[in-house]
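Okay, structure first, notes after.
Numbered from 1 within each chain, the chains take letters A, B, ... in sequence-line order.
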Protein chains: 2
Amino acid sequence: MSSSLAATDTTGVPPGLDEEASSLRLAVMRFSRRLRAERAVDTMSDGQIAVLGWLRLNGPHTLGELAERERVSAPSMNRTVNCLEEWGYITRTPDDIDRRKVNIALSDAGREVITETARLRDAWLEASLSEFTPAERVILAQAAALLSRIAER
Amino acid sequence: MSSSLAATDTTGVPPGLDEEASSLRLAVMRFSRRLRAERAVDTMSDGQIAVLGWLRLNGPHTLGELAERERVSAPSMNRTVNCLEEWGYITRTPDDIDRRKVNIALSDAGREVITETARLRDAWLEASLSEFTPAERVILAQAAALLSRIAER
DNA sequence: TATTGTTATACTCTATAACTATA
DNA sequence: TATAGTTATAGAGTATAACAATA
């Protein structure tokens with residue numbers, strides 16, 4: 001493959017980029033599978049949690065916006081939202097201006113449950129982070145921002 | 001919630017650990033979903049790719065070992081392996097010593113396809129990485145190592 | 001009797017296609 | 001005619017329970 005050190009040449013694509021991508025992909029996929037395995041303590045799916053978390057931080061959105069945000073189809077997001085509505089965690093309100101649209105917002109119960117659920121799902125991760133040095137945790141925090149940026153390309 | 005700056009106190013659990021865990025979890029899950037969405041160019045699932053990749057790097061393993069490694073049930077792994085066998089990507093060989101066990105190994109076709117598949121799946125990620133600065137890529141490489149360490153706890 | 005692998009069955013999440021209503 | 005949301009249906013992937021073969 002390619003060399004790994006003394007990469008002062010930044011003209012073209014730097015050497016080792018294929019291996020960087022591969023190791024990052026493997027690490028993230030392994031980590032996400034591990035994280036998913038820890039979720040057994042609650043009954044909500046990743047997609048449901050992602051939606052509630054997004055609504056909590058960014059306010060009401062339409063179904064199409066949520067589907068695009070989570071990169072799933074509209075019917076798939078609709079099913080997720082149906083569950084959340086049935087459980088009383090979100091509300092649907094037809095848009096005043098464009099009556100085709102439906103505004104989806106977090107309910108009080110939803111706000112409670114996303115906070116508590118996130119806490120439960122983070123327990124394992126927090127325990128792991130607490131064993132890292134401050135410097136390592138800074139790296140992970142910076143990486144989180146970079147990963148988010150990549151995901152939103 | 002907790003404050004965000006001037007965290008010079010490292011005596012106990014540092015402040016903001018819950019938020020660090022949460023943002024890292026959200027970023028990784030979002031990133032992994034995005035990465036999964038890019039896989040449409042081929043027809044193999046994450047689980048299948050993970051098995052072939054593991055066999056390539058670590059040699060033949062039994063069904064139970066693969067199931068434990070990927071943290072899925074034995075029937076689920078059996079189904080994955082059935083597909084891979086049907087496609088000619090792995091071989092099953094009864095163990096000589098313990099006849100209950102079956103050794104699962106990569107075939108030549110499997111070795112080819114895992115190399116090519118990984119290349120395809122990395123294409124999008126490589127394109128993303130190439131737009132980052134060297135410093136940012138260093139952070140991601142370090143984070144990959146840390147995430148792997150967490151995942152294997 | 002315990003363990004390894006397998007089969008039977010059901011549930012969840014996902015997608016595409018078709019339908020309704022609004023613009 | 002185009003768009004936002006929804007419903008119908010089917011395809012993967014996962015799990016638990018039950019079974020067969022071997023130790």
Side-chain angles (χ1 to χ4, degrees), chain A residues 29-30 32-52 55 60-87 89-105 117, chain B residues 29-30 32-52 55 60-87 89-105 117:
Chain A
M29 295 308 280
R30 194 177 305 138
S32 66
R33 252 178 285 135
R34 182 76 170 84
L35 189 52
R36 168 187 267 171
E38 289 296 323
R39 131 200 97 81
V41 289
D42 59 42
T43 58
M44 304 192 67
S45 72
D46 292 334
Q48 289 159 356
I49 290 166
V51 167
L52 293 186
L55 291 178
H61 284 75
T62 67
L63 185 79
E65 288 166 348
L66 291 178
E68 186 178 7
R69 168 72 198 172
E70 297 302 323
R71 296 185 184 268
V72 297
S73 65
S76 183
M77 179 54 69
N78 192 51
R79 180 174 182 151
T80 298
V81 169
N82 282 344
C83 288
L84 295 174
E85 185 180 32
E86 198 174 305
W87 298 337
Y89 296 153
I90 58 100
T91 58
R92 277 193 237 236
T93 316
D95 191 277
D96 285 335
I97 298 169
D98 186 340
R99 302 298 294 265
R100 293 174 303 181
K101 294 184 178 178
V102 176
N103 291 118
I104 295 160
T117 298
Chain B
M29 295 307 281
R30 195 176 305 139
S32 67
R33 253 177 285 134
R34 181 73 170 86
L35 189 52
R36 168 188 269 170
E38 287 298 321
R39 131 202 96 80
V41 288
D42 59 41
T43 58
M44 306 192 66
S45 73
D46 292 334
Q48 290 159 357
I49 290 166
V51 168
L52 293 186
L55 292 178
H61 283 76
T62 67
L63 185 80
E65 288 166 348
L66 291 178
E68 187 178 8
R69 169 70 199 173
E70 298 302 321
R71 296 181 187 269
V72 297
S73 65
S76 182
M77 179 54 68
N78 192 51
R79 182 174 181 152
T80 298
V81 169
N82 282 345
C83 287
L84 294 175
E85 185 181 32
E86 196 175 305
W87 298 337
Y89 295 154
I90 59 100
T91 58
R92 278 194 236 236
T93 316
D95 191 276
D96 285 336
I97 298 169
D98 186 340
R99 301 300 293 267
R100 294 173 304 181
K101 295 184 178 178
V102 175
N103 290 118
I104 295 160
T117 298

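- Computed from coordinates, the A:Glu86 CD to C:dT12 P distance equals 11 Å when rounded to whole Å.
- For the pair B:Leu63 and B:Asn78, the minimum side-chain heavy-atom distance is below 4.5 Å.
- When the side-chain contact (heavy atoms from CB on, under 4.5 Å) test is applied to B:Glu65, the partners found at least two apart in sequence or on another chain are B:His61, B:Thr62.
- In this entry the distance linking NZ of A:Lys101 with P of D:dA2 reads 18 Å, nearest Å.
- For B:Thr62, a side-chain nitrogen or oxygen approaches OP1 or OP2 of C:dG5 to under 4.0 Å.
- Atom C1' of nucleotide D:dG13 and atom CG of A:Asp46 are separated by 14 Å, given to the nearest angstrom.
- Put simply, the side chain of B:Arg79 and the base of D:dT14 share a donor and an acceptor less than 3.5 Å apart.
- Protein atom CE of A:Met77 is 12 Å distant from nucleotide atom C1' of C:dC13, rounded to whole Å.
- Dashed line: the shortest gap from a side-chain N or O of B:Asn78 to OP1 or OP2 of C:dG5 is not under 4.0 Å.
- A heavy-atom distance below 4.5 Å is found between the side chains of A:Leu84 and A:Met44.
- Rounding to whole angstrom units, CG of residue A:Asn103 and P of D:dA4 are separated by 13 Å.
- Residues A:Gln48 and A:Tyr89 fail the side-chain proximity criterion, which asks for heavy atoms closer than 4.5 Å.
- Taking atom CD of residue B:Glu85 and atom C1' of nucleotide C:dG5, one finds them 13 Å apart after rounding to whole Å.
- Note: CG (B:Asp95) to C1' (C:dT3) measures 14 Å, nearest angstrom.
- Side chain of A:Val102, nearest nucleotide from D:dT14, D:dG5, C:dA15: D:dG5.
- Residue B:Ser45 places at least one side-chain N or O under 4.0 Å from the OP1 or OP2 atom of D:dG13.
- A 4.5 Å side-chain heavy-atom check between B:Ile104 and B:Glu85 finds every atom pair outside the cut-off.
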## Note on the structure
In B/S/- notation (B base, S sugar-phosphate only, - none; protein heavy atoms under 4.0 Å), nucleotides 16-23 of chain C written 5' to 3' is BB----BS
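- Taking 4.5 Å as the limit, some side-chain heavy atom of B:Leu52 sits within range of a side-chain heavy atom of B:Ile90.
- Environment of CZ in A:Arg92: crowded, with over 12 heavy atoms of neighbouring residues, nucleotides or ligands closer than 6.0 Å.
- To the nearest angstrom, P of D:dT14 lies 13 Å from CG of B:Asn82.
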